[in-house]
Amino acid sequence: MNFRNIQFNPSHLLSGLRPWLNLFIALWLLGSFGLGWLVNSFLILLGLLSITPIILFFGFRWWLQGNLVGGCCPVCGNEVTGLNNTQLQCNSCGEKLFIREKQIQRFSVEGTIDVEVTEVSYNSPEDS
């Protein structure tokens with residue numbers, strides 16, 4: 001065994017411990033200088049960032065349940081779904097529709113009177 005080739009290099013020993021030593025020193029400094037509030041605020045911020053998407057998801061579902069309207073097209077009777085107080089077009093007949101107060105109506109220009117036609121049977125006196 002030749003002792004001349006044995007070399008002691010402390011940099012190899014510390015290279016694996018360096019990240020752990022840095023973390024330990026950082027935590028020790030934060031604890032000794034009373035900067036625990038910094039760690040607490042970071043944890044609170046991390047908690048808020050993780051819970052915010054969940055709150056937004058359930059809030060959006062609640063809003064959508066109150067504003068999503070489904071019904072039949074007044075022209076062709078096809079099923080139509082849209083948001084309250086919006087305009088849309090029927091997929092089947094192409095009629096422009098407007099959803100107001102959770103009712104699906106035909107879209108018409110201001111001043112237009114929409115009339116519903118009914119068929120009436122008529123027997124003339126001459127036919128009898």
Side-chain angles (χ1 to χ4, degrees):
M1 181 181 263
N2 190 357
F3 289 108
R4 290 184 203 168
N5 293 337
I6 297 177
Q7 295 178 357
F8 178 70
N9 193 351
S11 64
H12 290 301
L13 179 64
L14 291 178
S15 65
L17 296 175
R18 188 170 296 165
W20 295 105
L21 287 174
N22 288 340
L23 180 64
F24 176 74
I25 291 170
L27 290 175
W28 180 72
L29 286 174
L30 285 174
S32 64
F33 290 121
L35 295 177
W37 61 271
L38 184 64
V39 174
N40 289 339
S41 63
F42 177 73
L43 292 175
I44 289 171
L45 180 66
L46 191 64
L48 286 176
L49 286 176
S50 64
I51 200 167
T52 300
I54 297 168
I55 292 171
L56 289 176
F57 174 74
F58 285 110
F60 179 70
R61 284 191 61 187
W62 173 77
W63 175 83
L64 196 59
Q65 285 177 349
N67 288 315
L68 193 63
V69 178
C72 296
C73 174
V75 177
C76 67
N78 189 34
E79 187 71 26
V80 179
T81 304
L83 294 175
N84 201 20
N85 297 324
T86 59
Q87 295 179 9
L88 63 133
Q89 191 170 4
C90 179
N91 293 332
S92 180
C93 65
E95 183 71 26
K96 289 185 180 180
L97 303 173
F98 186 73
I99 302 176
R100 180 181 302 146
E101 297 173 4
K102 298 192 177 190
Q103 296 289 327
I104 300 174
Q105 305 166 356
R106 291 176 63 190
F107 179 73
S108 58
V109 184
E110 188 73 30
T112 303
I113 299 173
D114 199 8
V115 179
E116 191 172 315
V117 177
T118 57
E119 188 175 327
V120 178
S121 62
Y122 172 71
N123 293 329
S124 66
E126 297 170 355
D127 291 341
S128 314

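- Transitive grouping of hydrophobic side chains (ILVMFWY, heavy atoms separated by less than 4.5 Å) brings Leu88 and Val69 into a common cluster.
- For Phe24, there are no side chain to side chain contact (heavy atoms under 4.5 Å, CB included) partners at least two apart in sequence or on another chain.
- Considering only residues two or more places apart in sequence or on other chains, Cys93 meets the side chain to side chain contact (heavy atoms under 4.5 Å, CB included) condition with Cys73, Val75, Cys76, Cys90, Glu95.
- Remark: Gln87 CD to Gln105 CD distance equals 11.5 Å, nearest 0.5 Å.
- Atom CD1 in Ile25 sits 14.0 Å away from atom CH2 in Trp20 (nearest 0.5 Å).
- Scanning all heavy atoms of the two residues, the minimum distance from Ile104 to Pro74 falls at CG2-CD, 4.0 Å.
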Ignoring hydrogens and angles, write down the donor-acceptor pairs under 3.5 Å from the side chains of residues 49-60, residues two or more places apart or on other chains.
unit_1	atom_1	unit_2	atom_2	d
Ser50	OG	Leu46	O	3.4
Ser50	OG	Gly47	O	2.8
Thr52	OG1	Leu48	O	2.5

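- With rounding to the nearest 0.5 angstrom, the CD1 atom of Ile99 is 9.0 Å from the CG atom of Asn85.
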Take Leu64 and Leu83, measure what side-chain contact (heavy atoms from CB on, under 4.5 Å) needs, and give me the verdict at the end. CA-CA 8 Å; Leu64 196 59; Leu83 294 175; 3.9 Å; yes

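- The CZ atom of Arg100 sits 11.5 Å away from the OG1 atom of Thr86 when rounded to the nearest 0.5 Å.
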